[in-house]
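Remember, it's a predicted structure, so these values are computed and weren't measured experimentally. Below, each value reflects all heavy atoms present in this structure, side chains not excepted, and no hydrogens, waters or symmetry copies. Remember, it's 1-based here, ligands and their atoms both numbered in the order they're listed.
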Amino acid sequence: MPTTRRSAATFSNFIDGNWVPASSGKTSENRNPADTRETVGIFQCSGAAEVNLAVEAAHAAFRNWSRVPAPLRAEIVMKAASILEQKKEAFALDMTREMGKVIKESRGDVQEAIDTGYYFAGEGRRMFGLTTPSELPNKFAMCTRQPVGVIGMICPWNFPMAIPSWKLFPALVAGNTCVIKPAADTPLSVFNLVSALTRAGVPAGVVNIVTGRGAEVGTALMEHPLVCAISFTGSSEVGRIIGESCARNFKRCSLELGGKNPMIVLDDANLDLALEGALWGAFGTTGQRCTATSRIILQKGIYKRFTTDLAHRAKLLRVGNGIDEKVDVGPVINKQQMENVLSYVEIGKSEGARLALGGNRFERPDCAHGFFIEPTVFCDVDPKMRIAQEEIFGPVVSCIPCDSLEHGIEIANDVKYGLSSALYTRDVNRAFAAIRDLDAGITYINAPTIGAEVHLPFGGVKQTGNGHREGGVGALDFYTEWKAVYVDYSDHLQRAQIDRTE
Ligand code: NAD
């Protein structure tokens with residue numbers, strides 16, 4: 001069990017049902033980004049040795065777990081989801097303390113894990129395969145889903161419980177065993193999630209947690225020969241490293257990466273609705289969502305009014321410690337991220353964009369020990385500027401004028417990412433044209449770029465990923481291998497293709 005030191009619990013790695021400290025003897029303190037004087041927990045700085053133990057435990061557990069009937073595996077996942085429901089408030093508070101997202105969003109993050117658990121528990125009694133006719137007489141053909149083996153999971157910090165649940169729940173229902181590496185900034189939520197699974201009855205070795213830095217734990221995990229697949233969510237830069245390593249070692253690999261998500265608002269849109277959507281899409285989770293609205297592409301007829309209103313309304317957003325129910329915008333995750341976001345503000349100014357709001361560290365006495373940034377609005381942004389092309393991952397939005405829907409879509413598509421997208425219009429014809437033409441894995445009509453539901457596929461095109469999807473039934477395609485089965489009941493040799501006489 002975790003032990004307590006200086007009022008913060010110390011967590012060891014969770015390997016084969018045991019608490020295993022890092023052999024390096026090193027730990028790191030996880031601090032609250034809203035107030036760094038608070039230590040949320042103390043976690044192991046692990047390395048290849050702990051990864052090896054965890055992978056071997058998962059490998060040893062695989063045979064028995066994969067033979068538990070899928071409906072029974074799913075019942076455990078169902079029970080874990082129900083435990084999360086009971087613990088929702090406590091786990092949400094932990095999440096706000098470790099990640100900084102405002103409490104109502106932390107509740108939503110836990111709820112997403114609950115929804116994912118219930119959804120994939122249902123798959124335990126489906127996981128449909130296929131039957132299909134054979135071309136030969138007295139021969140039966142079918143395809144079944146088989147588990148893949150040991151899955152390595154490498155997680156980001158921005159959805160501390162939801163994203164790990166997208167990986168763990170389908171993987172477990174499908175019969176795989178797992179080694180999960182939480183992001184260094186948000187390990188506690190993964191421990192909370194796995195505690196629900198353990199209480200629900202997941203056997204020792206089936207789910208293992210190893211904490212530490214990406215370069216050490218992540219690398220050891222992706223290179224381990226007993227790991228059959230890596231599910232990674234994070235930046236495109238790290239995704240490229242992981243993709244290359246997995247390709248070299250013939251591992252299957254799911255990459256869910258960055259975004260630079262556009263919202264197009266046409267002259268005919270319901271502007272009040274679009275404004276609400278823009279505020280939520282750009283500044284929800286302090287802009288630290290892979291699906292955050294980071295470009296607002298506005299048709300010229302409404303450009304001036306919309307940008308003026310946006311800056312005015314964004315100024316009214318309440319910034320502060322997300323534990324306060326009234327706060328809209330919490331801190332960014334850490335000092336490095338704060339400096340990175342502020343450096344993009346300087347880049348935007350030097351590129352000639354007009355800073356309509358914010359752009360500074362947020363100063364108030366109760367925020368002095370956290371990483372707060374003013375909600376920031378750039379106007380008159382050229383689509384080629386770096387602030388319009390690169391993922392900033394903070395409370396910074398760029399407003400770009402456009403002439404028409406076609407022009408808006410051209411701007412929207414002219415980035416290396418393709419995760420989410422949105423269009424505000426009252427014209428159904430233009431809505432369907434945009435659904436067809438926006439290069440993105442997700443398109444919203446009259447809603448912002450954020451707000452995915454767990455039973456639909458989640459992922460993107462271009463440098464946002466490598467073609468896999470989390471969420472929805474498609475997730476099973478990553479966590480299972482198709483097996484084709486032929487049963488010949490003819491009692492003589494039959495040769496496909498060869499036995500044809502004409
Ligand atoms: P990151 O790439 O810095 O880190 C992600 C994970 O990879 C962490 O656990 C980290 O420790 C690990 N890692 C870092 N270097 C590694 C290496 N060399 N080898 C192996 N593992 C390594 O990303 P982040 O800062 O945690 O998350 C933010 C990024 O994630 C953003 O780009 C965001 O868009 C993206 N994201 C994408 C999705 C999606 O589904 N498309 C969802 C959430 C976040």
Verify the distance criterion only: is there a donor paired with an acceptor across the side chains of [X] and [Y] at less than 3.5 Å?
| X | Y | answer |
| --- | --- | --- |
| Y118 | E85 | yes |
| K167 | S254 | no |
| K260 | Q389 | no |
| N360 | E374 | yes |
| Q336 | N340 | no |
| N208 | D16 | no |
| S46 | E216 | no |

Open item on the list: Heavy-atom count check: over 12 atoms from other residues, nucleotides or ligands less than 6.0 Å from K104 NZ?
Closed with: yes
Short N or O distance, [X] and ligand 1, threshold 3.5 Å exclusive:
| X | value |
| --- | --- |
| G234 | yes |
| C155 | yes |
| E470 | no |
| S235 | yes |

Task: Min heavy-atom dist A184 to ligand 1 below 4.0 Å - done: no
Open item on the list: I'd like to know if W157 contacts ligand 1, where contact means a heavy-atom distance under 4.0 Å to any ligand atom.
Closed with: yes
Name the option, out of [options], that contains the heavy atom nearest to [atom].
| atom | options | value |
| --- | --- | --- |
| atom 18 (N) of ligand 1 | I241, N334, L221 | I241 |
| atom 17 (C) of ligand 1 | G214, G441, S236, P182 | G214 |
| atom 32 (O) of ligand 1 | E391, Q337, E256 | E391 |

Task: Straight-line distance of M338 CE to I373 CD1, nearest 0.5 Å - done: 6.5 Å
Which protein non-hydrogen atom lies closest to [atom], naming both residue and atom, and how far is it?
| atom | answer |
| --- | --- |
| atom 27 (O) of ligand 1 | P156 CB, 3.5 Å |
| atom 11 (O) of ligand 1 | K181 NZ, 3.0 Å |
| atom 28 (C) of ligand 1 | F393 CE2, 3.6 Å |
| atom 41 (N) of ligand 1 | L257 O, 2.7 Å |
| atom 42 (C) of ligand 1 | C290 SG, 2.9 Å |
| atom 16 (C) of ligand 1 | V238 CG1, 3.4 Å |

Taking only heavy atoms of [X], which atoms of ligand 1 are found under 4.0 Å from at least one of them?
| X | answer |
| --- | --- |
| I163 | 42 (C), 43 (C) |
| T233 | 5 (C), 36 (N), 37 (C), 38 (C), 39 (C), 40 (O), 42 (C), 43 (C), 44 (C) |
| G218 | 20 (C), 21 (N) |
| L419 | 41 (N) |
| N158 | 43 (C), 44 (C) |

Open item on the list: Taking 4.0 Å as the limit for heavy-atom contacts, which would you say applies to F458 with ligand 1: side chain only, backbone only, both, or neither?
Closed with: side chain
Open item on the list: Can you tell me which portion of R289 lies within the under-4.0 Å heavy-atom range of ligand 1? Options are side chain, backbone, both, or neither.
Closed with: neither
Task: Verify atom 4 (O) of ligand 1: protein non-hydrogen atom under 4.0 angstrom away - done: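 No, there is none.
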Task: Aromatic plane relationship, W166 with F458 - under 30° parallel, 30 to 60° tilted, over 60° perpendicular - done: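 Rings of F458 and W166: tilted, as their planes differ by 30° to 60°.
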- [ ] May I ask you to decide if the ring planes of F191 and F11 are parallel, tilted or perpendicular, using 30° and 60° as cut-offs?
- [x]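 The arrangement is tilted - the two ring planes meet at 30° to 60°.
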Open item on the list: Regarding R386 and E390, does a basic nitrogen lie under 4.0 Å from an acidic carboxylate oxygen?
Closed with: yes
TODO: Would you please test E244 and R240 for salt bridge (Lys or Arg N to Asp or Glu O under 4.0 Å) and show each step?
DONE: CA-CA 6 Å; E244 285 173 0; R240 189 187 301 275; 5.4 Å; no
Open item on the list: Please give me the minimum heavy-atom distance between F169 and A80, naming the atom from each residue.
Closed with: CE2-CB, 4.5 Å
